[in-house]
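Bear in mind that the values here come from a model prediction, so they are computed numbers and not experimental data. The sequence lines fix the lettering, A, B, ..., with proteins before strands; numbering per chain opens at 1.
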Number of protein chains: 2
Amino acid sequence: MEAKKILLVEDDPNFGAVLKDYLMINDFEVTLAKNGMEGFEKFKKDTFDLCILDVMMPYKDGYTLAREIREKNQEVPIIFLTAKTLKEDVLKGYKVGADDYLNKPFDSEVLLMKIKAIIQRKASEVKPDTTKFEFEIGKFHLNSKLRFLTYPGQEPIKLSPKECELLKMLALHENDLMPRELALTKIWRDDNYFTSRSMDVYIAKLRKFLKQDENVEILNIHGEGFRLVVKK
Amino acid sequence: MEAKKILLVEDDPNFGAVLKDYLMINDFEVTLAKNGMEGFEKFKKDTFDLCILDVMMPYKDGYTLAREIREKNQEVPIIFLTAKTLKEDVLKGYKVGADDYLNKPFDSEVLLMKIKAIIQRKASEVKPDTTKFEFEIGKFHLNSKLRFLTYPGQEPIKLSPKECELLKMLALHENDLMPRELALTKIWRDDNYFTSRSMDVYIAKLRKFLKQDENVEILNIHGEGFRLVVKK
DNA sequence: AAATATATTAACCAAAGATTAACATAAAAA
DNA sequence: TTTTTATGTTAATCTTTGGTTAATATATTT
């Protein structure tokens with residue numbers, strides 16, 4: 001499985017660094033911010049699987065940050081770290097939408113357990129087939145759950161996860177612009193030179209598959225992204 | 001909604017009674033047992049939506065009880081109560097399959113919050129019909145209760161428990177994805193490298209059985225799971 | 001024409017899966 | 001009880017698949 005991304009917002013530099021290291025050793029990708037302000041900036045620039053927020057921070061406390069994060073994203077799990085054990089604080093945290101609450105000092109293994117449990121839970125919540133996974137693309141039929149693409153009178157083509165996700169994302173924007181950045185942040189989970197090259201490779205692969213139907217093609221919009229055109 | 005049933009196993013009679021009352025006020029139906037032995041007896045006699053187990057109990061501790069409960073029922077959520085904050089204990093609890101962990105003294109409102117969250121979560125999980133035990137798989141007929149697989153004009157093949165459960169799980173998802181993780185957690189009760197290898201071995205065994213009918217095959221969906229394909 | 005962005009192919013590496021066999025253990029039979 | 005037999009796990013090995021990067025070519029914009 002791909003490494004999960006964690007946003008860690010902690011003003012104590014020592015503690016922050018240690019925790020970051022510990023999480024990284026355990027195969028998480030960690031972005032560390034040293035206050036609420038910075039945390040929010042970093043949150044906006046990337047896609048995280050989990051946020052761990054210290055409650056007591058200068059300028060912007062954990063609750064405020066959590067509320068801002070919730071405005072942008074209702075899904076992402078949030079864990080609070082706090083030195084306080086006061087009931088009101090714990091309840092306040094839950095009300096803001098926390099998924100869990102940890103008192104400092106806490107045991108790192110316990111944190112790890114909780115992180116895994118929470119990420120696991122979230123993953124299973126999304127499962128109910130609310131997400132569309134079947135698409136008609138010209139004469140093609142795409143099943144993105146079973147990851148294959150069929151063309152009349154032919155064996156289904158098996159797609160790799162990336163091929164499949166990319167084609168799905170294009171299909172979701174059929175005849176419209178699918179911004180490069182969108183695919184990169186959602187599928188590659190990182191928007192940089194290399195992932196961008198990698199994406200080009202996948203676009204080429206998809207074009208190969210799709211060229212059987214001359215009414216279907218993937219156009220590039222220079223500097224913007226791609227467009228799956230289906231003539232009808 | 002109908003009142004949810006909770007099995008509360010707590011050896012301290014005072015604390016037990018207070019907690020029971022509190023939960024009943026909050027519209028739960030509570031069965032109180034005062035030790036592990038009694039807890040297990042009551043568990044077998046009824047159907048509960050949640051079990052709350054004290055860890056420290058005479059005769060039979062909470063972990064042992066949890067393991068027994070899990071043997072009977074893989075679904076029911078379990079929350080541990082403990083006075084200990086020792087790391088090993090918390091970890092032990094999670095390993096036995098706990099859904100959550102609460103330290104005593106804890107805040108009852110927090111407990112309530114957790115109970116609701118857990119019951120809610122379980123409710124939203126979809127479960128395939130596990131009671132069915134006869135399946136038509138192409139020309140094969142599977143009886144998963146008597147554990148045999150028949151093919152026209154042939155002696156029935158006897159299946160081992162694991163072979164049988166795995167084939168059944170595949171059959172329940174016929175032509176659809178059966179996630180690897182699902183089989184591992186349900187059949188092997190553990191999702192790790194070794195159980196995963198073990199599962200591969202069983203897939204190979206099943207393929208051997210099934211290859212007599214060329215319209216039946218088990219396909220792998222890389223990184224996702226398997227798919228029992230039956231062409232018709 | 002220089003810089004930037006995209007296209008395509010191929011080489012490479014890592015992860016996942018398949019298969020066979022060895023080993024361990026528990027249930028059944030002698 | 002000891003011996004078989006059935007079942008399941010672990011190991012070893014091989015194959016396939018998936019994804020990134022590099023190399024090179026072609027477009028597009030400034």
Side-chain angles (χ1 to χ4, degrees), chain A residues 1-3 27 29 144 146-149 156-170 177-184 186-211 217-229, chain B residues 71 144 146-149 156-170 177-184 186-211 217-229:
Chain A
M1 202 206 293
E2 214 161 284
D27 298 321
E29 211 179 309
S144 68
L146 302 178
R147 287 213 318 251
F148 62 65
L149 181 68
I157 306 165
K158 289 206 278 179
L159 299 179
S160 84
K162 285 243 155 68
E163 287 164 3
C164 187
E165 283 188 85
L166 184 57
L167 183 53
K168 177 181 171 183
M169 182 138 313
L170 284 163
L177 169 69
M178 186 219 45
R180 202 179 188 98
E181 184 230 336
L182 178 71
L184 290 175
K186 293 283 175 193
I187 301 175
W188 275 262
R189 325 206 58 208
D190 201 352
D191 182 352
N192 64 44
Y193 175 79
F194 292 105
T195 53
S196 203
R197 274 338 86 231
S198 188
M199 176 171 167
D200 289 338
V201 171
Y202 277 86
I203 290 287
K205 290 181 184 177
L206 291 180
R207 280 183 174 137
K208 224 171 223 173
F209 293 144
L210 297 174
K211 74 177 167 214
E217 68 182 318
I218 298 173
L219 294 186
N220 173 255
I221 300 174
H222 199 96
E224 298 291 330
F226 295 91
R227 187 173 154 227
L228 176 66
V229 184
Chain B
E71 268 177 40
S144 67
L146 304 176
R147 289 216 315 259
F148 61 64
L149 182 67
I157 307 165
K158 288 202 278 181
L159 298 180
S160 83
K162 284 243 156 64
E163 286 165 1
C164 186
E165 282 189 86
L166 183 57
L167 183 53
K168 176 183 172 185
M169 180 87 54
L170 284 163
L177 169 69
M178 188 221 40
R180 202 178 187 99
E181 184 230 335
L182 179 72
L184 290 175
K186 294 288 171 191
I187 302 176
W188 274 262
R189 304 278 185 78
D190 197 357
D191 181 352
N192 64 45
Y193 176 80
F194 293 105
T195 52
S196 204
R197 275 335 87 235
S198 187
M199 175 171 167
D200 288 339
V201 172
Y202 277 85
I203 289 288
K205 290 180 184 178
L206 291 180
R207 281 185 172 136
K208 228 170 221 172
F209 292 144
L210 297 175
K211 75 176 168 215
E217 69 182 317
I218 298 174
L219 294 187
N220 173 255
I221 300 177
H222 200 98
E224 297 288 330
F226 294 91
R227 186 175 158 225
L228 177 65
V229 183

Answer with base, sugar-phosphate or nothing: what part of the nucleic acid does A:Asn220 contact at a heavy-atom distance below 4.0 Å?
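Here A:Asn220 touches the backbone only, sparing every base.
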With heavy atoms under 4.0 Å as the rule, sort A:Lys208 into base, sugar-phosphate or nothing.
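Sugar-phosphate contact only - A:Lys208 comes under 4.0 Å of backbone atoms but never of a base.
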Any side-chain heavy-atom pair from B:Glu165 and B:Lys186 closer than 4.5 angstrom?
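Answer no - side chains too far apart.
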Side-chain contact, heavy-atom cut-off 4.5 Å: B:Asp200 with B:Arg180?
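In short, these two side chains touch, coming nearer than 4.5 Å.
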Using atom [atom1] of [X] as one end and atom [atom2] of [N] as the other, report the distance to the nearest whole Å.
X	N	atom1	atom2	value
A:Arg207	D:dT26	CZ	C1'	12 Å
A:Leu210	C:dT8	CG	P	12 Å
B:Leu159	D:dA6	CG	P	14 Å
B:Glu165	D:dG8	CD	P	9 Å
B:Ile187	D:dT9	CD1	P	11 Å
B:Leu219	D:dT16	CG	C1'	14 Å
A:Asp190	D:dT20	CG	P	10 Å
A:Glu163	D:dG19	CD	P	7 Å

What's the closest nucleotide to the [X] side chain, out of [options]?
X	options	answer
A:Trp188	C:dT6, D:dG8, D:dT20	D:dT20
B:Arg147	D:dT7, C:dG17, D:dT17	D:dT7
B:Ser198	C:dA18, D:dT9, C:dT8	D:dT9
A:Tyr202	C:dT6, D:dG19, D:dT21	D:dG19
A:Phe226	C:dA7, C:dA18, C:dA16	C:dA7
B:Ser160	D:dT7, D:dT17, C:dT8	D:dT7
A:His222	D:dG8, D:dA22, D:dT28	D:dT28

Please determine whether a side-chain nitrogen or oxygen atom of B:Arg197 lies at a distance below 4.0 Å from atom OP1 or OP2 of D:dG8.
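The answer is no; no side-chain N or O of B:Arg197 sits under 4.0 Å from OP1 or OP2.
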Has B:Lys162 got a side-chain N or O lying under 4.0 Å from the OP1 or OP2 atom of D:dT9?
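Affirmative; the distance criterion is met.
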Looking at every non-hydrogen atom in both residues, tell me the closest pair between B:Met169 and B:Leu182 and how far apart they are.
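For B:Met169 versus B:Leu182, the nearest heavy atoms are SD-CD2, 3.6 Å.
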Shortest non-hydrogen contact from A:Leu170 to A:Leu206?
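Answer, listing the atom of A:Leu170 first, then A:Leu206: CD1-CD1, 4.0 Å.
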Most 5' of B:Lys158 and A:Lys158 on DNA chain D, judged by nearest nucleotide
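Upstream on the strand: B:Lys158.
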Output the distance between atom CD (B:Glu224) and atom CG (A:Leu146), rounded to the nearest 0.5 Å.
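Nearest 0.5 Å value for the CD-CG distance: 10.0 Å.
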Counting only heavy atoms not in A:Lys158 (residues, nucleotides, ligands), do more than 12 fall under 6.0 Å from its NZ?
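It does not: A:Lys158 NZ has 12 such atoms or fewer within range.
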Using the closest heavy atom to pick a nucleotide of DNA chain C for each, name whichever of B:Ser196 or A:Arg180 lands nearer the 5' end.
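Nearest-nucleotide comparison on DNA chain C picks A:Arg180.
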